[in-house]
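Data first, discussion second: the structure below is written as structure tokens.
We name chains A, B, ... by the order of the sequence lines, and we start the count at 1 in each one.
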Amino acid sequence: MDREQVAAILAEIGTLLELKGENAFRTNAYHNAARVIANLSEDLAQVVREGRLADIPGIGSTLRDKITTLVSTGRLPYLEELRAEIPAGLVQMLRIPGLGPKKVKALYDQLHIDTLDKLQQACEAGEVARLRGFGAKTQTKILEGIAFLTQIGNRVRLDQAIVLAHGLVEGLRGLPGIKRLEVCGSIRRRRETVKDIDLLVSADDAGPIMERFVTLPGVVQVTGRGPTKSSVVVQKVFSSGVQITMNADLRVVSDEQFPFALHYFTGSKEHGIAMRLRAIKHGLKLNEYELAGEGRHIACKDEADIFHALGLQYIPPELREDTGEMEAAEKGTLPRLIRGDDIQGVFHNHTVYSDGANTIEEMALAAQALGHSYIGIGDHSQSLTVANGLTPERVLQQHKEIDRLNKKYKDFRIFKGTECDILEDGRLDYDDELLATFDYVVASVHSHFNQSREEMTRRIIRAIRHPRVTMLGHATGRLLLRRDGYAVDLDAVLQTAAETGKLIEINADPHRLDLDWIHCRRARSLGVQLVINPDAHSTAGLSNYLFGVDVARRGWLEKQHVFNTRSAAEVAKFFQAR
DNA sequence: GCCGTTTTCGGCCCGACTGTTTTCAGTCG
């Protein structure tokens, strides 16, 4: 049983215990442990083997034993007892906005409600409103919540959330009285998926800003309205026809409070808790309005001042997950994170030769417009017929065109690449002779996703070990919120990459973002070089490389950890040496 | 359930908003 599975089970235990009415600190210990395990940047099985579990902060002797049982046997009797005791429908009911463990337990204990269907019937019959602590409004909100459940409260891809957030920002910007305006929350931390939109404004008078906010275009429901905080539901239909529905919160504070509120609402929650604990150790109190102690009030003009006042380096939002950033900031050893303008060019891009929308020349010109000094073309290989993969003859034709364009554009370099399929058994889709004609080879899995973990791992490692392979494309094949990655021992893949000096791609397509940030940190610690590729299928898609930079930053990567921060000459030299 | 240069017991981050109350519990982030 791997890291994610163990984390999911610990979180499930925490939730089941909440529904039992357990002590909140005990349930929180499980949720905290789930997070710690999910964010572990080393191999869980190895930590268990070496008896180091209890060294991890948040894991004590009880959780050590339970995790050890899970990892070694794949089962946990304690969980099975809890599942037998708590109906699964109660967990579903928790997803309704406004319903927490206490209310769900009350519904179960008093009305024997243990499914969403029964809950809906009881609301419609007016039984829920008669319970102590409930009322007519709560009953109505529950019915609305059930109706909205399929659309609201689900996570949304970062690129889509950004569009909705910017719509709200544009609607507010320019209102008189707004001093500072910022998108906070997981969008600011650049998580790959986002649950809701958090906006923060500083102004002397919140009234008119709140009024505008709840009537902005796209707002379909107002779910909260107070003097400093309002909540709405926003909806947008994308040109693809996809309709996205999200919650959005706006907080309005004074300009003096803005830095504290910005830090607070950027989160993560766990990072915020760690910061408040640190403030307490300094004899201070930190909340969303101030950093203060007895008789003193520490003025901060921006977030950096807050960190410095607590003896810390400035921690960029992407690192605020309580996964070691506090300790590093105290020691002054935070990474100098890679930036978007460090990227000099990208590989793994498609053209009209396979399934792209633009020509090689159009892609090259678009890359130049982004300030890049080179581009790599990596169209699909022959067996991927659905994507118009290139036959050997068409490869040679494409190479001639690239040679011609390289003569035409003197200060820009086009590299000849391929996104070559990794076949079922780990062989490559072109013979060695043809592979030798490319400057570089991206090897990717596009078929037989259902292989066993062992087969898939063996298959990918065999491909990485092929001398002509330069980098591994989209390491797990996941599609965010749609398809899990295939089963593969990523740690073994990363170790092979480290051993053979091969590159691992951070696929910057916002549908994929694969490798994820946790494995980026793992790759970094193993000394593996990463490469950020947009997997562009059009000129517009090229700029997606910035989403990959976000992942790299969340993965603590610096410029030197990412291959395509190198110049065209350095890249050419690397390719020739392989 | 975790944790400890005050503690092996008794703490454990903090505030806004809602709905139900008549002073507050529950939920949320």
Can you pull every protein N or O that's under 3.5 Å from an N or O on nucleotides 4-7 of chain B?
none

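- Contact check on A:Arg35 versus A:Asp322 returns a salt bridge, with a Lys/Arg side-chain nitrogen under 4.0 Å from an Asp/Glu carboxylate oxygen.
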Protein-nucleotides 8-13 of chain B N/O pairs under 3.5 Å:
{"unit_1": "B:dC13", "atom_1": "O2", "unit_2": "A:Arg276", "atom_2": "NE", "d": "2.7"}
{"unit_1": "B:dC13", "atom_1": "O2", "unit_2": "A:Arg276", "atom_2": "NH2", "d": "2.3"}

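- Evaluation of the side chain to side chain donor-acceptor pair (under 3.5 Å) rule for A:Gln121 yields no partner, not counting sequence neighbours.
- Taking the C1' atoms as reference points, B:dG10 lies 29 Å from B:dA16, given to the whole Å.
- The number of heavy atoms from other shown groups lying within 6.0 Å of CZ (A:Arg339) does not exceed 12.
- In the displayed structure, A:Lys179 atom NZ is contacted under 6.0 Å by more than 12 heavy atoms of other residues, nucleotides or ligands.
- Heavy atoms of other residues, nucleotides or ligands lying less than 6.0 angstrom from CZ of A:Arg26 number more than 12.
- A:Ser231 contributes atom OG, which lies 8.5 Å from atom CZ of A:Arg251 (distance to the nearest 0.5 angstrom).
- Taking a pair to require two hydrogen-bonding distances under 3.5 Å in either a Watson-Crick or a G-U wobble arrangement, B:dT8 remains unpaired.
- B:dC14 and B:dC9 are spaced 24 Å apart, taking the C1' atom of each and rounding to whole Å.
- Dense packing is recorded around CG of A:Asp255, with more than 12 heavy atoms of other residues, nucleotides or ligands lying under 6.0 Å away.
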